[in-house]
Amino acid sequence: MDDPAVKDCTISEISRFNEDLCRIKGWVYNKRSSGKIVFVIVRDGTGLIQAVASREDVGDEGVKLLDRLPQESSIVVVGKVREDKRAPGGYEIHLLDFRVVDEADPDYPITLKEHGVDFLLDHRHLWIRTPRQRAILTVRARFMAACREFLDKQGFIEVSAPILTPSVCEGTTTLFETRYFEDKAYLSQSGQLYMEAAAMALGRVYCFGPTFRAEKSKTRRHLAEFWMVEPEAAYMEFEDLLKFEEAMVSYVVARVLETCEKELREIGRDPEVLAKIVPPFPRMTYDEAVKALQEKGYEIAWGDDFGAPHESEISLMWDKPVFVTHYPKAIKAFYMQPDPSRDDVVLGADLLAPEGYGEITGGGQRIHDFDLLMDRIREHKLPVEDYQWYLDLRKYGSVPHSGFGMGIERAVAWICGLEHVRETAPFPRMLTRMRP
RNA sequence: UCCUCGAUAGCUCAAUGGCAGAGCAUCCGGCUGUUAACCGGAGGGUUGCAGGUUCGAGUCCUGCUCGAGGAGCCA
């Protein structure tokens, strides 16, 4: 068991240890027995492997002990790695020794059979042990790492935005309210305004963290707590922003394909679909999108915002993400820069994922003129005193600048081809669910 | 907030208004290459809650609770 000649290894790298003596530290995922031989499927967080225990190697007692070991018992196994076509995964480990670290209670709730959503979410702390959830969380992690890689390579500096914020930044979405000593505070819905300040200090910046929306949305696309990456760059104008966004989205998709092919297959996602995600992405102006929807029979007038069915319809016209640009000023946020050639639309763009996954990024060029921004704040009836610091950015060396936010869970749900964003969050917070 | 659907064993589900059931899981037994192993046996129920109709309600009616999907909402 503790022989130094035995190599510690993970299941994901088992093929490198063929015919070696290995030690794997994991849990019992499943087992089968056939009299005096026991097959224990061990998982270690990197994958699954079949361990074979026969009477001559571990003795009568060993076989009996393994045979009655409950699912999810923690176990350290030592044995010889063998390539074997009969084993799921192609390799198995012939047990010479093992140690039960903790025998699980025999009533582990997540069996290998089907379960309902409600039950699984109540047991999310155990559900994440299943191969599919492990694969999704791995893709999420690689996706987030790829975002940071790309931004760091492009010279962006990560600047953490505050979570506790003093005011209703945009006055639109419903925020979670909390106490801040003697005052009220709100959980952040976006780090953008702070990133605009940081961009004027460091040039190219991004924040990466959780955001909170207290909206009573109850759909497959919504979470009350989700993560966003929000890049913001000084001197970046609208056209460059769109090029930058498509480069970033293409990069992170390619990186996930490179690092998570096994996981994508495990989830049931065809990697070929993602291999098509390369620049340039198609673009439609809001005008063109409205016209296309009207031709398809939707009752929508110029000036209306898109609902979920409209976004789906537009995204289904392409097999790549599509930018919808130049929205009417009235349906977008107060800080959006108006189009210099046309005052009724803004230099903003939403990126809609293919296959009906909806908006995965939203962004645009920000107003850099002090007077114009002040007008907008007044038009939106926002409290000017709360925005003094934001207006300061336009008083001291203002420059054109742009940025966007990408919702991690929606993007990962699209990349994995999932029905619902809830599976992409380790512990999702939704309208009716805050536990576990 | 609204619309639609749902709630029966630990889990997934079945049961024409007429004895509350199956598979899996659990426990006991069998099997030396299994593939969500298989075979035999056992235990396991306030049918979400509260009323009502009926000779009789898991089933029909009313209210409530909880959940799911969607709408609204959602830089």
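So that the names make sense, note that chain A is the first sequence line, chain B the second, and so on, each numbered from 1. This one's a predicted model, so the numbers in the text were calculated from it and none came from an experiment.
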(request) Please state whether the rings of Phe156(A) and Tyr206(A) are parallel, tilted or perpendicular, taking 30° and 60° as the class boundaries. (result)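 It falls in the tilted class, 30° to 60°.
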
At under 4.0 Å between heavy atoms, what does [X] touch on the DNA or RNA strands: base, sugar-phosphate, or nothing?
X         : result
His94(A)  : base
Glu359(A) : nothing
Phe39(A)  : base
Gln71(A)  : nothing
Gly116(A) : sugar-phosphate
Glu311(A) : nothing
Asp350(A) : nothing
Pro109(A) : nothing

Whether [X] contacts [N] is assessed here as follows: a side-chain N or O lying under 4.0 Å from the phosphate OP1 or OP2. Is that the case?
X         : N      : value
His420(A) : A68(B) : no
Arg422(A) : G69(B) : yes
Arg221(A) : G72(B) : no
Thr432(A) : A68(B) : yes

(request) Please measure how far the C1' atom in U16(B) lies from the corresponding atom in G72(B), and state the result in whole Å. (result) 41 Å

(message) Rounding to an integer number of angstrom, what distance separates G56(B) and C66(B) when you compare their P atoms?
(response) 32 Å

(message) We want to know whether Thr219(A) and Ser217(A) form a side-chain donor-acceptor pair, criterion being a heavy-atom distance below 3.5 angstrom.
(response) no

(request) Go through U26(B), A71(B), U12(B) for me and flag the one nearest to the Pro309(A) side chain. (result)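 Per side-chain heavy atoms of Pro309(A), the pick is A71(B).
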
(request) Would you mind reading off the distance between Leu223(A) atom CG and C73(B) atom P, rounded to a whole angstrom? (result) 20 Å

(request) Mind calculating the distance between CD (Gln337(A)) and P (A75(B)) to the nearest angstrom? (result) 20 Å

(message) Counting C-beta onward and ignoring hydrogens, is there a side-chain heavy-atom pair between Glu230(A) and Cys207(A) closer than 4.5 Å?
(response)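 Yes, at least one pair of side-chain atoms sits under 4.5 Å.
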
(message) Any side-chain to backbone donor/acceptor pair from Arg43(A) onto Asn30(A)? Under 3.5 Å, distance only.
(response) no

(message) Test salt bridge (charged side-chain N to carboxylate O under 4.0 Å, His left out) on Lys80(A) and Asp57(A); report intermediate values, then the result.
(response) CA-CA 11 Å; Lys80(A) 192 167 191 181; Asp57(A) 289 329; over 6 Å; no

